[in-house]
Student: 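Take a look at the following structure, please.
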2 protein chains.
Amino acid sequence: MTPPSGGRRRSDTRHAILLTATRLFLVRGYHGFSFQHLASELDLRTAAIHYHFRTKADLGVTLLRRFRDEFDWWRASCDQLALNGASRLERFYALDRSYVAEGRVCPLSVVGVEYAGLPAAVRREADALLDEVHAYLLASVQAGRDDGSLTVPGDTAAIARQILAATQGALQLSRVQGATSYEDVLAGLRSLLGVH
Amino acid sequence: MTPPSGGRRRSDTRHAILLTATRLFLVRGYHGFSFQHLASELDLRTAAIHYHFRTKADLGVTLLRRFRDEFDWWRASCDQLALNGASRLERFYALDRSYVAEGRVCPLSVVGVEYAGLPAAVRREADALLDEVHAYLLASVQAGRDDGSLTVPGDTAAIARQILAATQGALQLSRVQGATSYEDVLAGLRSLLGVH
DNA sequence: GTCTATAACGTGATAGAC
DNA sequence: GTCTATCACGTTATAGAC
């Protein structure tokens, strides 16, 4: 689930900051956590964090870039399996579901809500992540049609958006309503896609 | 679209604060706006806002209660029309779509993302709003089955959640990807529901 | 290279003037 | 009843010690 941390990491403190920041970002949003929250959890001074990340926007950019790297790694390992379209989607749901289990929302949800208030650099990273996820779904729908595992009519890009919207919305709901609501949404989605 | 403001309003300033706060809340999230943002937009001192709303949490509660009142009013006026189930859903989409047009997300989305970081009183209001919206959708799906305007199998509550998840996710996406993505999602939803 | 002390600023809140 | 002056604190950021 987590990508290999390519060789020795830059710094343990930096890594610890990123781990905690990731969690707080997904649970409380970008504006919902501060350097002070990080510092107190990690038993550091806030200024120590500024050494590793010049500004909070820098930290935000790094967080999103990591999500993107993780997704790239996940997608690559997924491509190697040579799955059919429907299975590719199921793997995506499983990835999403891992957020549910931890009471988080997916980074794209956070960004979707806070978008207008985010630093421009953070927004740009978010856009890039969204593009990548969309591309994965698009390729999966296309593949599913070609290999016959999906029998849904209509524009491929539109269908990819439907999948993304449904899973994003489901993640949000599940946070307030509990994990079963996520599965309910998936059931509807599978039916829509004509999964065999 | 906006409910009648039942008689003379308490105070113009108070009303102006609520209008601006509503917009900022929907565009930037609860933690994404401050009394200072409000004050500078309205040419007030921040303390003036504290007169009308004792704390920020109070303001948040009032905001959500107003969303709920608005929704109640909307639902009542909707009930009077004696629409069939499918039309009731279409009206709901139209309500949602009005958010898209203004680059907002629905209050439920905001809450979904920031949930853990919100003051408890605000969370309670959010839960109540979610319950009401869910109840409306549930009744609509039930009605649609009875009157034959919807032909979707499965548990009614699960279907209501699917609708909510899809529309919530669509709102979010549309903010980053543009308004057409919202319509794409609706198309899929109608197909899933077997709208006649 | 890493972190501490400290500053500068933004934020929510109070007391009191009008 | 309404708002201004001011406060205490939290938040981000800098300069400099080790």
Side-chain angles (χ1 to χ4, degrees), chain A residues 5-64 110 114 116-123 125, chain B residues 5 7-25 27-64 110 114 116-123 125:
Chain A
S5 57
R8 200 166 160 289
R9 47 166 113 62
R10 272 210 258 180
S11 146
D12 281 344
T13 304
R14 183 188 156 93
H15 190 241
I17 293 169
L18 279 172
L19 284 184
T20 305
T22 299
R23 180 170 48 77
L24 290 179
F25 174 75
L26 292 179
V27 172
R28 317 187 32 131
Y30 179 82
H31 291 295
F33 78 94
S34 68
F35 277 30
Q36 202 156 283
H37 291 132
L38 293 172
S40 77
E41 275 206 39
L42 296 167
D43 197 30
L44 288 172
R45 265 28 64 193
T46 62
I49 299 170
H50 277 280
Y51 166 70
H52 297 280
F53 304 95
R54 211 176 52 78
T55 69
K56 189 179 176 184
D58 285 339
L59 173 58
V61 166
T62 306
L63 283 180
L64 284 179
V110 178
E114 296 187 304
L118 293 176
V122 176
R123 268 200 309 253
E125 286 300 323
Chain B
S5 57
R8 203 170 157 288
R9 46 166 139 0
R10 273 210 259 179
S11 146
D12 281 344
T13 303
R14 182 189 157 92
H15 190 240
I17 292 169
L18 280 172
L19 284 183
T20 305
T22 299
R23 179 170 48 78
L24 290 179
F25 174 75
V27 171
R28 316 184 35 131
Y30 180 82
H31 291 295
F33 77 94
S34 67
F35 277 30
Q36 203 155 283
H37 290 132
L38 292 172
S40 77
E41 276 206 40
L42 296 166
D43 197 30
L44 288 172
R45 267 25 64 195
T46 62
I49 299 169
H50 277 281
Y51 166 69
H52 296 281
F53 303 95
R54 211 176 53 78
T55 69
K56 189 180 177 185
D58 285 338
L59 174 57
V61 166
T62 306
L63 283 180
L64 284 179
V110 177
E114 296 187 305
L118 292 178
V122 175
R123 268 201 309 253
E125 288 298 323

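The figures that follow rest on heavy atoms only: side chains count, while hydrogens, waters and symmetry mates do not. Numbers restart at 1 for each chain; the letters A, B, ... are given by sequence-line order, proteins then strands. Bear in mind that the values here come from a model prediction, so they are computed numbers and not experimental data.
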Student: CZ of A/R14 versus P of C/dC3: gap in Å, rounded?
Tutor: 13 Å
Student: Separation of A/I17 atom CD1 from C/dT2 atom C1', in whole Å?
Tutor: 11 Å
Student: Quick one: closest heavy-atom pair of B/T62 and B/L18, and the distance?
Tutor: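 Reported closest heavy-atom pair: CG2-CD2, 3.9 Å.
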Student: Could you tell me the separation between the CZ atom of A/F35 and the P atom of C/dT11, rounded to a whole number of Å?
Tutor: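 Rounded to the whole Å, the gap is 16 Å.
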Student: Nearest-Å distance, CG (A/D58) to P (D/dT14)?
Tutor: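 My rounded result for the distance is 11 Å.
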Student: In residues 36-50 of chain B, which residues come under 4.0 Å of DNA chain D by heavy atom?
Tutor: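 By residue number: B/R45, B/A47, B/A48.
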Student: Determine yes or no for a side-chain-to-main-chain donor-acceptor pair under 3.5 angstrom, with B/H31 supplying the side chain and A/R28 the backbone.
Tutor: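 Answer holds: no.
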Student: First locate atom CG of A/L44, then atom OH of A/Y51, and finally report the distance between them rounded to the nearest 0.5 Å.
Tutor: 13.0 Å
Student: Could you check which of D/dA13, C/dA13, D/dC3 has an atom nearest any side-chain atom of B/T13?
Tutor: D/dC3
Student: Separation of B/F33 atom CZ from C/dG12 atom P, in whole Å?
Tutor: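 Rounded to whole Å, this separation is 8 Å.
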Student: Restricting to non-hydrogen atoms, name the atom on A/V61 and the atom on A/E125 that form the minimum distance, rounded to 0.1 Å.
Tutor: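 Heavy-atom minimum between the residues: CG1-CG, 3.7 Å.
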Student: For the pair made of CZ in A/R54 and C1' in D/dT12, what is the distance, rounded to whole Å?
Tutor: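 Atom CZ in A/R54 sits about 12 Å away from atom C1' in D/dT12.
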Student: For residues B/I49 and B/F35, report the shortest heavy-atom separation together with the two atoms involved.
Tutor: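 Nearest pair, atom of B/I49 first, then B/F35: CD1-O, 3.4 Å.
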Student: Determine: side-chain N/O of A/Y51 to OP1/OP2 of C/dC3, distance under 4.0 Å, yes or no.
Tutor: no
Student: Which heavy-atom pair separates B/Y30 from B/P119 by the least distance, and what is that distance?
Tutor: OH-CG, 3.6 Å
